[in-house]
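Heads up: the structure comes next, in structure tokens.
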Amino acid sequence: QVQLVESGGGLVQAGGSLRLSCAASGRTFSSYSMGWFRQAPGKEREFVAAISGGGSKTAYADSVKGRFTISRDNAKNTMYLYLNSLKAEDTAVYYCAAKRVIGIQIIRNDREYNYWGQGTQVTVSS
């Protein structure tokens, strides 16, 4: 069992930056493979980025490569997503997700995650 709480969303102009945080409960945060997903109005939830339990492996959707950076601080039980060079099409609710795993694992499929946060709204004006 792990509870996830996202924060850091807001309104930003195109070209600007935000940092999203996902705070997790528990004592075994490093045992969870983590990911960020987003969902815009009228669209399906889509993969944004993922990170392995120890942070050694990361993956990004093509649409955000070079602009977003995923990281985690296991001592703080927190995962981050740095959103840079934001575009209007980045506007969405951003969710963090977690799945307890053994070993190094990157998960891109939202259906494979067991735990989800409530989401945080990112709005990019243009």
Side-chain angles (χ1 to χ4, degrees):
Q1 173 76 11
V2 62
Q3 294 185 3
L4 308 174
V5 180
E6 302 96 334
S7 63
L11 175 65
V12 63
Q13 293 184 339
S17 301
L18 284 173
R19 186 188 74 169
L20 306 184
S21 298
C22 176
S25 65
R27 299 182 179 181
T28 57
F29 184 60
S30 63
S31 298
Y32 289 85
S33 185
M34 305 286 294
W36 286 99
F37 294 80
R38 67 187 183 186
Q39 187 166 25
K43 296 184 178 180
E44 296 183 349
R45 185 164 58 192
E46 66 173 345
F47 169 75
V48 176
I51 189 167
S52 60
S56 63
K57 301 291 184 181
T58 60
Y60 298 91
D62 288 342
S63 60
V64 306
K65 283 183 179 178
R67 300 190 299 118
F68 292 7
T69 302
I70 189 171
S71 65
R72 64 193 296 163
D73 186 341
N74 288 348
K76 297 181 178 180
N77 276 21
T78 303
M79 176 181 66
Y80 304 97
L81 184 69
Y82 293 84
L83 301 80
N84 301 308
S85 301
L86 282 161
K87 306 174 181 179
E89 50 262 45
D90 294 319
T91 295
V93 177
Y94 284 71
Y95 299 90
C96 67
K99 179 179 175 63
R100 191 167 188 176
V101 300
I102 298 175
I104 301 173
Q105 190 168 358
I106 292 288
I107 303 171
R108 297 175 175 84
N109 189 341
D110 59 346
R111 294 186 178 274
E112 296 185 28
Y113 285 96
N114 302 117
Y115 305 100
W116 292 86
Q118 291 293 301
T120 186
Q121 176 71 48
V122 172
T123 303
V124 183
S125 63
S126 61

Minimum heavy-atom separation for Y113 to S33, with atom names?
CE2-O, 3.6 Å
Could you tell me which non-hydrogen atom of A92 sits nearest to which non-hydrogen atom of A40, and how far apart they are?
CB-N, 3.8 Å
Cluster link V122 to V48, ILVMFWY, side chain under 4.5 Å:
yes
Is L4 reachable from W36 through a run of hydrophobic residues whose side-chain heavy atoms are each under 4.5 Å from the next?
yes
Taking side-chain contact (heavy atoms from CB on, under 4.5 Å) as the criterion, tell me which of V12, T120, L81 meets it with L18.
V12
Find the distance between CG (N77) and SG (C22) and round it off to the nearest 0.5 Å.
10.0 Å
Given V101 and I107, is the side chain to side chain contact (heavy atoms under 4.5 Å, CB included) satisfied, shown in steps?
CA-CA 10 Å; V101 300; I107 303 171; 4.3 Å; yes
Flag yes if I70 and F47 sit in one hydrophobic cluster, no otherwise; membership is Ile, Leu, Val, Met, Phe, Trp, Tyr, and two members link when side-chain heavy atoms are under 4.5 Å apart.
no
N/O donor-acceptor pair under 3.5 Å between E6 side chain and Q118 backbone
yes
Answer with yes or no whether the hydrophobic clustering places L20 together with V64; edges join I, L, V, M, F, W, Y residues whose side-chain heavy atoms lie under 4.5 Å apart.
yes
Could you state the interatomic distance from CD (E89) to CZ (R38), rounded to the nearest 0.5 Å?
8.0 Å
Distance (rounded to the nearest 0.5 Å) between R108 CZ and F37 CZ
10.0 Å
More than 12 heavy atoms of other residues, nucleotides or ligands under 6.0 Å from CD of Q3: is that the case?
no
Residues clustering with Y80 (ILVMFWY side chains joined when closer than 4.5 Å, directly or via others)
Y82
Can you tell me how far NZ of K57 sits from OG of S52, rounded to the nearest 0.5 angstrom?
8.0 Å
Around atom CD of E112, are there more than 12 heavy atoms from other residues, nucleotides or ligands closer than 6.0 Å?
yes
Any donor-acceptor pair under 3.5 Å linking the side chain of R72 with the backbone of G53?
yes
Taking Y60 for its side chain and R67 for its backbone only, find out whether a donor-acceptor pair lies under 3.5 Å.
no
For V124, is there any backbone N or O sitting under 3.5 Å from a side-chain donor or acceptor partner on T91?
yes
Could you measure the distance from the OG1 atom of T78 to the CE atom of M34? Nearest 0.5 Å is fine.
9.0 Å
Ignoring hydrogens, what is the shortest heavy-atom contact between S17 and N84? Give both atom names and the distance.
OG-OD1, 3.0 Å
Using a 4.5 Å cut-off on heavy atoms from C-beta on, say whether the side chain of L86 contacts that of Q13.
no
Before giving the answer on side chain to side chain contact (heavy atoms under 4.5 Å, CB included), spell out for Y115 and Q1 the whole-Å C-alpha distance, their side-chain angles and the decisive distance to 0.1 Å.
CA-CA 8 Å; Y115 305 100; Q1 173 76 11; 3.8 Å; yes
Which heavy atom of Y32 sits nearest a heavy atom of A98, and at what distance?
CD2-CB, 3.9 Å
Between D62 and K65, is there a side-chain N and carboxylate O pair less than 4.0 Å apart?
yes
Checking F68 now: which residues fulfil ring-ring contact (aromatic ring centres under 6.0 Å, His included) with it, not counting sequence neighbours?
none
So, for S85 and D90, which heavy atoms are closest and what is the spacing to 0.1 Å?
O-OD2, 4.4 Å
To the nearest 0.5 Å, how far apart are CD1 in I51 and CE in M79?
8.0 Å
